[in-house]
Structure formats: C-alpha cells, structure tokens
Amino acid sequence: MKRIVVVSTGGTIASGKSSDNSVVADRKGAALIASLHDPLDGIAVAVDDFVSVGSYGLDLTTVHRIVQIIAGHLERDDCDGVVVTHGTDTMEETAFVTDLLIGSDKPVVFTGAQRHAEMPDTDGPRNIADAVRVAAAPAAHGLGTLIVFEGDIHAARAASKTHTSRVDTFRSAGYGKLGEVDSGVVHIERRLPRHVLADNGLAEGVEIVKPGLGSSTAYLDFCAATGVRGVVIDAFGRGNAPRGYADAVARLVAAGAVVIVASRCAEGRTMPIYGGDSGAISLAAAGAIFVGELSAIKARLVLSALLAAGANHGAVVATFARY
Ligand code: ASP
C-alpha cells in the first residue's frame, strides 16, 4: 500500500459559488477526496488542510510555508509522496519553488482545476486522481516537482499556464511534457535535469519589469530609488531592451541591486549577441546577469532564494549559468 498526503491550499479546485455569485475557495481537502469518482486501489490518502485561498492571493512567506509542509511530509517513512491542490494562476511558481528547494526523490505533484467544484463537468476529481497515481508511481521518483493536469505530466521547471480557462491549460513550451496518465496508468517518457538550492527561505524585494516597445526607464529608476534588492527584466528576444535600459541597469547595479535579464519569448535562451543601446551586450556590460531558459517569473524566484541565502555576485552568476 502506497501512502500519499494531499496538501490542500485552495484554488478553483476547492471553490464553489458564494452568495454574491463570485467563485471562492471554501472547500477542504476531505471534500476534494470525497469527490473522486473511483477508488484509488493500493493507495491510502491522508489529507493536510493548509489554507483555502485563491492562489493569486498567496505571498512568498505562505509559499515558503507550503514548501516546508511538503518537506516535512516527505521526511516521514510513512509518506511515499505528496500531492498539492493549488490554484492554477500561480501554480507554476509554487511548484517551481518546491522543485528548487526540495531535494527529496519522493514525488511531489501539483494539481488543480479550471472548472470549480460545483460545475457538473469539473475537472478537479480526475486531476486529483491522476496526481495521486503519479505521486504513488515508482517511475516518478527523482523527477522533481511535477504538475499533473488534464492527463499530462509536466516538470514544474518547464510548465506554465497558457490559457485562462481551458482545462488543458498547462504546457511545457520548448520542452514538451514528461508523460501522461492514461486510464489511471502512469507513463513517463523522459526526464529533465534538476537544480536544487539549499532552503534558506525566499527574500522579498525582487521585482519584475516588463517593457514594451519604446518603454521608458521609469520603473527601473523607481526600483533604484526605493532600494529594491533585485530586478528581473522580462526583455525582448535574446535579452534586448528599449533605449536607455543599459544606463538604467548601471544605475540600479550602482545602487546595490542585482539585475537579471529574462526573455518574454516562451521558448529559447537569452544570449548577449546584439550591441547598441540597449542590446543585450550593453545590458551585460552594465552588470546584468542573463537567465538562459528560465521565464522571468521563475528567475525572480531563483533570485529570491539566492538573496535569502546571502549569495554573492559570483554565486548568482554561477546559478543562472546552469539554466
Ligand atoms: N483561476 C484560478 C484557479 O484555477 C484561481 C486561483 O489560482 O486560485 O484556481
């Protein structure tokens, strides 16, 4: 018998309609498990209710608490894996932090729903059943944190929410999924390398600045003036930015901030190739560090973990070089 703990945190999967007709997360884990259509043969499920909130309202302190709760369950001999039910809006971030900070080989699987629990065609029960089966599967060992949704198995590192409402919202752009759950059978087709950091918590004060064509440097200058610790620029293409950004990056670095450059493209890597004002070569010369394949929201979490650990400039550069 495999023993899986389901940590419930809210989201659409735990939601129904309230008296004002809005959708609110008001259900506990036991109700989610009671809604499963079929028995999970050979798997015993225990529930740990943490919170019931929309994931758009989570903060880094609460997310780090979720990581600690998962780690605590994984340390126990009577726990073979953990499933986390979570809102889809920020699932890829909490799942990625979990992947980053937990080194255990036991499976951790995030899931949720796009259609709330009172809808006749809610996707929650099937997603939970699939997630529990993946968490109990020997083939899922050592894969890091996963997102299981609509029958697809994704690495947390690669997955993102791509559609606001469709049930097949999670995709792994540039990589593809790791496998599938088909009629309750878990199929793992491939693995991604893992990068685990020591867990020293998550530092506040790392912001994302996303320029558009011809944007001003106002937000970067605001960050420099207000003592922000780190800025991730969600830049164009290979990591290029609007005119004036290189000088603004130099001002930010002089003010003591770490500046990271990611790309708004869903696939591919950043790389300083273009010069001029403010091609990626100019940004690098001004002190910016490039993320490789990571999205801006995931790079922000890596930097937050590194700053919490007191990492120096060299350690930040070395960590992002792995991506
Ligand atoms: N739409 C979201 C969900 O799917 C709401 C949230 O992230 O909590 O759960």
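We count ligands from 1, going down the list as the structure has it; atoms in each ligand are counted the same way.
For the pair Asp152 (side chain) and Glu180 (backbone), a donor-acceptor distance under 3.5 Å is absent. Panel note: side chain Lys2, backbone Gly81; no donor-acceptor pair is recorded below 3.5 Å.
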Inset, instruction - Let me see the working for Leu74 and Ile102 under side-chain contact (heavy atoms from CB on, under 4.5 Å), right down to the final yes or no. - result: CA-CA 9 Å; Leu74 295 176; Ile102 293 183; 3.7 Å; yes
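When hydrogens are left out, the protein atom nearest atom 1 (N) of ligand 1 is Asp89 OD1, 3.2 Å; that is the closest non-hydrogen contact. Shortest contact from atom 4 (O) of ligand 1 to any protein heavy atom: Thr88 OG1, 2.4 Å. For atom 7 (O) of ligand 1, the nearest protein heavy atom (residue, atom name, distance) is Ser55 OG, 2.5 Å.
Residue Ala113 touches ligand 1 through its backbone alone, judged by heavy-atom distances below 4.0 Å.
Checked against a 3.5 angstrom limit, the closest N/O atoms of Tyr56 and ligand 1 fall outside it. Residue-to-ligand polar distances keep Thr90 apart from ligand 1: every N/O pair is separated by 3.5 Å or more.
With a 6.0 Å radius and a threshold of 12 heavy atoms from other residues, nucleotides or ligands, Phe50 has its CZ atom above the threshold.
For the residue pair Ser22/Ser18, the side-chain donor-acceptor check at 3.5 Å is satisfied. Checked by atom type, the side-chain pair Glu293/Tyr175 shows a donor-acceptor distance below 3.5 Å.
Counting the atoms of ligand 1 from 1 in the order shown, those under 4.0 Å from a heavy atom of Gly54 are 8 (O). Atom numbering of ligand 1 starts at 1 in the shown order; those under 4.0 Å from a heavy atom of Thr12 are 1 (N), 2 (C), 3 (C), 4 (O), 5 (C), 9 (O). Under a 4.0 Å criterion applied to the non-hydrogen atoms of Gly11, ligand 1 contributes the atoms 8 (O), 9 (O).
Between Phe149 and His154, the distance from one ring center to the other does not fall under 6.0 angstrom.
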